[in-house]
Amino acid sequence: LRLSSPEPRWSRQCSHPSRAMGGLAATLLAVALGCAIEVAASVVDLSDASSAWCPGQGMGDARREHAMLQVSRARLGSSAATVSPETSVAGRVAPFNCTAFPGPIQVMRVSTEIFSVQALDVDSGNYEVLYLIPRSRTSPPFADMNGCGIGPLDSMAYCSVKIEGQALLARFDSVSMDFVAKLPGWSFKATFDSNGTYHFVVGNELYKMPNVHLLTGHQSHDDEGLSGTEPTESIQVTFAGADLVIVSADLEGLGVQQYVVSAENNEVVVSRTIGKPETWFLYRDAPFQHQATIFGAGWSYENRVFFSSNNGNGIYEIEMDTANLTTKSVGAKLLGPSVKSHGNDGMNCMAASAPGQWTEATCVLWGEPHIRVFDSSATGELVVDMLRPGDFWLVRSETISIQGRYLPTQWSNGQAATSALAIGGAFLQGHTLVIESMAGHVTWDGEHILNATPSDFSVPDLLSARFHEDAGMSSLDPGQFGTVVKSVELELPSAVRITVNRWAKHIDILIAMRQQPGGQDGHCGNNNGDASDDTAELIKLRMGKQVSTEDLLFQERLQVNETQSEEKLVSLEDCPADVRARAEALCSASAAHGHSMSMVRRRCVFDVCFGGSEYAAADAVVERQMIKAPAAPMMIRWATHRGTCLDVGGGLPLNGSALQVWGCITGHADMLFLPPSGGVGQIRWAT
């Protein structure tokens, strides 16, 4: 229930303890218990109920359901009941609104009489009620519902429903519920795969029900049309957690196939869905926050696996690309908060993208300085050049402060390269970390740290830092013989990871992080998934001014000429022909082997022209790091069917290999491509 007023106004006192509560909690509890209220300036007007009512005080089930349906219709609009039985096999049921609510959804039991469909607020971990489903929706009233999912082929919401001792698969919306098939038993462990097959577990058997979107809806659970709809195909599973996710992966080295994944306590459970039955219990290298927990809600986005703890211990992503069935290990990372829940099950629109707060993006600063913004991952390439000296915001959010210092280079007529990085803000609890080029130092609250390679520095729950060097760039590009890169690797709160390459007079930076609650902005862009608002002109308009004195993390302000105009800054055309020729040759020779990112190559020539030959090797390092960064290779999706991606048939780099469309498998080597510079040119197979 979305309320305009924070406090409910009771039209008549009810004999429920909920009357002592305020706000949304009281409203939900009151409705769940069957007690009508009036809400000042609320979205929905219940005044047609004539008077307030409580159970046993004069208002029958029909009027109670009518009042609750008013709330549902007011929340979702009138479209929820516009599908006629003649227009679709769905009968009376309308599709779930995946456009308005693409994020994680849970079906939850609100009371003994009412269930609800709720949407996750990713930032807070709370849920917003979309609509209510009273048990009286069916006749006789259904006893339970769980095992839910949204069909990827019809965007319909489905749940396993128990009625008169019989388990059935039901299709529903905010107003109606139709039965589409009988089930061999009650199940609260279920999900869809990307092909529209409904998978569910009864006892130790995993059943499959394909083409659910083609099943006819029936208003009654004992309709004759439901005879013979019970699925019979199954495979044995040793154990499954409280909710399931289907993932396509090559976990056994036998090719990509489907596995069913669940989580329970500190284990991730993986089972085959075809062939000889087998189940693996995988353990995290680092345990979940609380080992004794039930993960009752699972979600699948683009073949990624997410689970929410019913204990309120957070939402995790299971990193299936790290799963090792031999060592029985798998990685998992905490993504954000979640409130306690029970009697619940997760579902989501599988064609949608995962919430931005769950997806890591990378910003890269290199050279003089060129910046590949966070949202470059949406278009493949978006690089802005910030050549003016000064202290500027790279990332600014409510809790995270990251600032860059741009200093003039030796021959660049006042143009700048990044010379230092400062990190602070509430997420570091007021501490400040500063990293300078090799001409300077690394400091924590002004104290020198990481004075030699290799060395480490850590502050519990705040910072893990490692300073190391790679001779011959063995960890980046073995072809760069003789180049030694000295890098600082940082692990910070809020899942922020930063790599700083320290060169003689400048630094290059890679910042990996997720979208921040309340938004963010800076020279790295606003990380909102929309690359169109992160052009150089728009970023300069929003964040072009230097950091104010009161917000500055560096100990002293850099003195620069604020009135310097853009017209005075040099361009590549100002580079003498002989110098440019040498720069082009040097940058070509230094390019990362097997990869030619022309956006880096062009800027490498600029950097060498106006900064010196050091930049050729430095830019080559960043090129290789960008190729390795999550934002560099990209999947190419069919716009009409976003769950389908371009794929190299057969996975062989041979002339004449066919390109085909296939269900998207995140990170699969045959589906990763490098886009052309500037959006025009050849698309290269990243593998």
Side-chain angles (χ1 to χ4, degrees), residues 122-123 301-302 304 317 333 335-336 353-367 369-386 392-404 406 418 421-423 425 427 489-501 507-544 547 597 599-600 603 622-623 625-635 637 666-667 672 674-675 677-679:
V122 177
D123 292 336
Y301 285 100
E302 300 169 324
R304 296 168 64 189
E317 179 175 6
K333 57 186 176 184
L335 298 179
S353 297
Q357 298 91 322
W358 293 358
T359 302
E360 185 181 82
T362 303
C363 172
V364 184
L365 294 86
W366 81 98
H370 318 294
I371 305 174
R372 189 176 190 269
V373 300
F374 288 119
D375 290 333
S376 290
S377 57
T379 59
E381 177 186 331
L382 179 59
V383 177
V384 298
D385 296 323
M386 299 292 184
F392 296 94
W393 287 103
L394 302 183
V395 176
R396 186 178 193 182
S397 73
E398 293 179 359
T399 60
I400 298 174
S401 297
I402 303 177
Q403 299 169 7
Y406 309 156
T418 309
L421 177 74
I423 307 168
F427 88 133
E489 306 279 354
L490 304 175
E491 298 282 346
L492 301 163
S494 301
V496 177
R497 299 183 299 108
I498 298 178
T499 298
V500 181
N501 297 336
I507 62 174
D508 296 325
I509 307 165
L510 292 87
I511 304 172
M513 62 189 299
R514 299 191 289 265
Q515 286 182 9
Q516 294 302 299
Q520 65 189 76
D521 211 341
H523 281 187
C524 279
N526 53 24
N527 199 13
N528 65 352
D530 180 6
S532 66
D533 58 10
D534 281 338
T535 62
E537 293 74 17
L538 292 176
I539 290 177
K540 289 175 182 177
L541 187 64
R542 298 192 310 260
M543 305 297 292
V547 178
M597 300 180 70
M599 65 172 181
V600 177
R603 288 166 175 86
V622 170
E623 179 182 4
Q625 289 172 317
M626 274 195 278
I627 292 169
K628 294 179 67 175
M634 61 182 293
M635 301 172 73
R637 298 181 178 278
T666 301
L672 295 178
L674 294 173
S677 173

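- Inter-residue side-chain proximity for Leu394 and His523 is flagged as met; some heavy-atom pair is nearer than 4.5 Å.
- Rounding to the nearest 0.5 Å gives a distance of 4.0 Å between CG of Asn526 and CG of Asp534.
- Once rounded to the nearest 0.5 Å, the distance linking CD1 of Ile423 with CD1 of Ile511 reads 7.5 Å.
- When all heavy atoms of Leu538 and Ser532 are compared, the pair lying nearest together is CD1-O, 3.6 Å.
- No side-chain donor-acceptor contact under 3.5 Å links Gln403 to the backbone of Ala422.
- Scanning all heavy atoms of the two residues, the minimum distance from Gly525 to Val373 falls at N-CG1, 4.3 Å.
- Annotation: side chain of Gln516 is not in contact with side chain of Phe427 (no heavy-atom distance under 4.5 Å).
- Side-chain contact between Ile498 and Leu421: present, with at least one pair of heavy atoms (C-beta onward) separated by less than 4.5 Å.
- Side-chain contact check for Trp366 versus Asn501: every heavy-atom pair is 4.5 Å or farther apart.
- Considering every non-hydrogen atom in both Ala512 and Glu360, the closest pair reads CB-CD, 3.5 Å.
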- Verdict with supporting geometry, Trp393 and Ser401, side chain to side chain contact (heavy atoms under 4.5 Å, CB included): CA-CA 8 Å; Trp393 287 103; Ser401 297; 3.6 Å; yes

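- Scanning all heavy atoms of the two residues, the minimum distance from Asp123 to Gly518 falls at OD2-N, 4.2 Å.
- Looking at Val496 and Val395, their side chains never come closer than 4.5 Å, going by heavy atoms from C-beta outward.
- Checked by atom type and distance alone, the side chain of Asp375 pairs as donor or acceptor with a backbone atom of Asn528 at under 3.5 Å.
- In plain terms, the two heavy atoms of Glu317 and Trp358 that are nearest each other are OE1-O, 4.2 Å.
- Of all the heavy atoms in Pro355 and Tyr301, the pair that sits closest is CD-CE1, 4.1 Å.
- Between Asp533 and Arg542, the closest side-chain pair of non-hydrogen atoms falls below 4.5 Å.
- Within the 4.5 Å cutoff, the side chain of Met513 has heavy atoms near those of the Phe374 side chain.
- Taken to the nearest 0.5 Å, the OG1 atom of Thr499 stands 7.5 Å off from the CG atom of Leu490.
- Using a 4.5 Å cut-off on side-chain heavy atoms (C-beta onward), Thr359 and Ser353 make no contact.
- Atom OG1 of Thr418 and atom CG of Asp508 lie 7.5 Å apart (nearest 0.5 Å).
- Interatomic distance, Gln357 CD to Gln515 CD, rounded to the nearest 0.5 Å: 5.0 Å.
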